[in-house]
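For reference, the structure discussed in these notes is given below.
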Amino acid sequence: MLQNDNLLDVAQLIFNSMFPNVNYGTQTIGELTRNFDKLRKPLSKKQRIEIQGNYRYIGATSVNDYISKYNFDGIYLLLAEDGSVQDNNGFPILQYVFGKFWPNNHTHVLQGNNISTEWLYLFFRQHKVSELVTGAVQPKISQSNLNKISITAPTEEEKEIFSTRTDNIFSLIRQNELQNTNLLMLKNLLLSKYF
């Protein structure tokens with residue numbers, strides 16, 4: 001959606017201007033990340049067919065299916081773990097996800113630790129991961145490689161200023177996404193009644 005793309009560009013400009021040296025430092029991104037990979041439970045296509053519903057079953061790059069169960073609820077960052085892990089420019093494949101969903105085992109499930117998940121999202125949007133990718137046949141970004149990325153963590157004051165400047169932006173992004181989802185569901189309902 002164009003409006004959300006524009007909002008995200010504004011948030012990224014704020015991040016880049018506030019943290020120009022974030023990609024260098026003595027700390028690691030692992031210190032600022034909570035990883036929930038152990039809670040992922042992959043479901044086969046057959047299993048998913050048996051439990052069709054309204055909750056997103058999300059893979060490394062997108063929603064793969066809709067099922068009647070979820071195992072995560074909240075705001076998370078999904079970072080592709082294997083398969084298509086980076087774009088043509090070397091940036092990671094990311095999904096900013098909120099609400100109820102079920103991630104498969106091909107995506108890292110992350111939240112910020114003492115920083116917002118939105119800060120984490122914007123960090124990874126500007127950080128190339130080419131040097132982290134292993135595997136000749138199946139590209140992979142391991143949790144240990146991910147956690148070793150060197151950074152300069154924001155100060156408490158910087159985190160507060162960042163939140164003041166970006167909280168409303170991400171709130172609008174979530175509202176727009178919910179509205180789009182509701183309109184799509186309404187469209188599908190109407191189409192099923194008339195066609």
Side-chain angles (χ1 to χ4, degrees), residues 1-37 58 60-63 72-81 84-99 101 103 107-133 139-181:
M1 171 170 37
L2 185 58
Q3 186 177 8
N4 276 0
D5 291 343
N6 291 338
L7 289 167
L8 197 51
D9 286 345
V10 170
Q12 192 69 58
L13 285 170
I14 292 167
F15 181 94
N16 293 348
S17 68
M18 286 189 68
F19 309 107
N21 300 314
V22 71
N23 292 304
Y24 311 98
T26 57
Q27 295 160 296
T28 62
I29 197 66
E31 297 172 60
L32 299 178
T33 305
R34 285 185 287 170
N35 189 302
F36 297 91
D37 288 358
I58 305 176
T61 61
S62 64
V63 174
F72 284 86
D73 186 6
I75 297 174
Y76 292 86
L77 173 62
L78 304 183
L79 187 147
E81 179 179 9
S84 299
V85 296
Q86 62 182 335
D87 66 16
N88 293 335
N89 297 314
F91 295 104
I93 303 297
L94 303 169
Q95 297 175 79
Y96 176 73
V97 181
F98 60 95
F101 66 99
T107 186
H108 293 294
V109 182
L110 310 171
Q111 281 185 328
N113 181 25
N114 199 27
I115 57 162
S116 69
T117 300
E118 291 78 8
W119 188 96
L120 197 62
Y121 177 41
L122 295 171
F123 168 78
F124 278 115
R125 284 188 80 230
Q126 59 80 54
H127 187 86
K128 292 189 178 188
V129 293
S130 302
E131 71 279 359
L132 305 177
V133 178
K140 181 176 178 72
I141 298 177
S142 71
Q143 191 177 129
S144 62
N145 282 348
L146 190 64
N147 289 339
K148 292 177 188 173
I149 297 172
S150 297
I151 62 156
T152 298
T155 65
E156 291 302 317
E157 183 182 358
E158 288 172 330
K159 286 188 275 189
E160 189 175 316
I161 293 168
F162 174 78
S163 285
T164 301
R165 293 178 180 174
T166 61
D167 282 355
N168 287 339
I169 293 171
F170 279 97
S171 178
L172 281 171
I173 288 171
R174 291 190 299 271
Q175 287 173 26
N176 290 339
E177 194 65 40
L178 283 173
Q179 188 175 35
N180 279 347
T181 300

If we ignore hydrogens and angles and just use 3.5 Å, is the side chain of [X] paired with the main-chain N or O of [Y] as donor and acceptor?
{"X": "Gln86", "Y": "Val129", "answer": "no"}
{"X": "Gln111", "Y": "Ile75", "answer": "yes"}
{"X": "His108", "Y": "Leu77", "answer": "no"}
{"X": "Thr33", "Y": "Gly112", "answer": "no"}
{"X": "Asn113", "Y": "Arg34", "answer": "no"}

Which residue pairs pass the salt bridge (charged side-chain N to carboxylate O under 4.0 Å, His left out) test when at least one of the two sits in residues 145-156, sequence neighbours left out?
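Every pair satisfying salt bridge (charged side-chain N to carboxylate O under 4.0 Å, His left out) with a residue in residues 145-156: Glu156-Lys159.
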Qualifying salt bridge (charged side-chain N to carboxylate O under 4.0 Å, His left out) pairs, either residue in residues 110-122, two or more places apart:
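Output for this query lists Glu118-Arg174.
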Keeping to residues at least two apart or across chains, list the side-chain hydrogen bond (donor to acceptor under 3.5 Å, both in side chains) pairs with something in residues 18-32.
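The answer is Asn23-Gln126, Asn23-His127, Thr28-Glu31.
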Can you tell me which residue pairs pass the side-chain hydrogen bond (donor to acceptor under 3.5 Å, both in side chains) test with a partner in residues 161-172, sequence neighbours excluded?
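Every side-chain hydrogen bond (donor to acceptor under 3.5 Å, both in side chains) pair that includes a residue of residues 161-172, provided the two are not neighbours, is Ser171-Gln175.
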So that I know where these two stand, are Phe91 and Phe124 an aromatic pair - ring centroids less than 6.0 Å apart?
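They do not qualify: ring centres at least 6.0 Å apart.
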Euclidean distance, Ile29 CD1 relative to Asn147 CG, rounded to 0.5 Å
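Reported to 0.5 Å precision, the distance equals 9.0 Å.
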First locate atom CG of Leu13, then atom OG of Ser17, and finally report the distance between them rounded to the nearest 0.5 Å.
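Rounded to the nearest 0.5 Å, the CG-OG separation comes out at 7.5 Å.
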Tell me, please, which residues at least two apart from Lys140 pass salt bridge (charged side-chain N to carboxylate O under 4.0 Å, His left out).
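Once residues adjacent in sequence are excluded, the partners of Lys140 under the salt bridge (charged side-chain N to carboxylate O under 4.0 Å, His left out) criterion are Glu81.
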In this structure, are over 12 heavy atoms from other groups packed under 6.0 Å from Glu157 atom CD?
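Incorrect, the count does not exceed 12.
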Hey, are the side chains of Phe36 and Leu110 touching, using non-hydrogen atoms and a 4.5 Å cut-off?
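The answer is no, as the side chains (C-beta and beyond) never meet within the 4.5 Å cut-off.
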How would you list, by chain and number, every residue that makes a ring pair (Phe, Tyr, Trp, His ring centres under 6.0 Å) with Phe101, sequence neighbours excluded?
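Per chain and number, Phe101 pairs via ring pair (Phe, Tyr, Trp, His ring centres under 6.0 Å) with Phe72, Tyr76.
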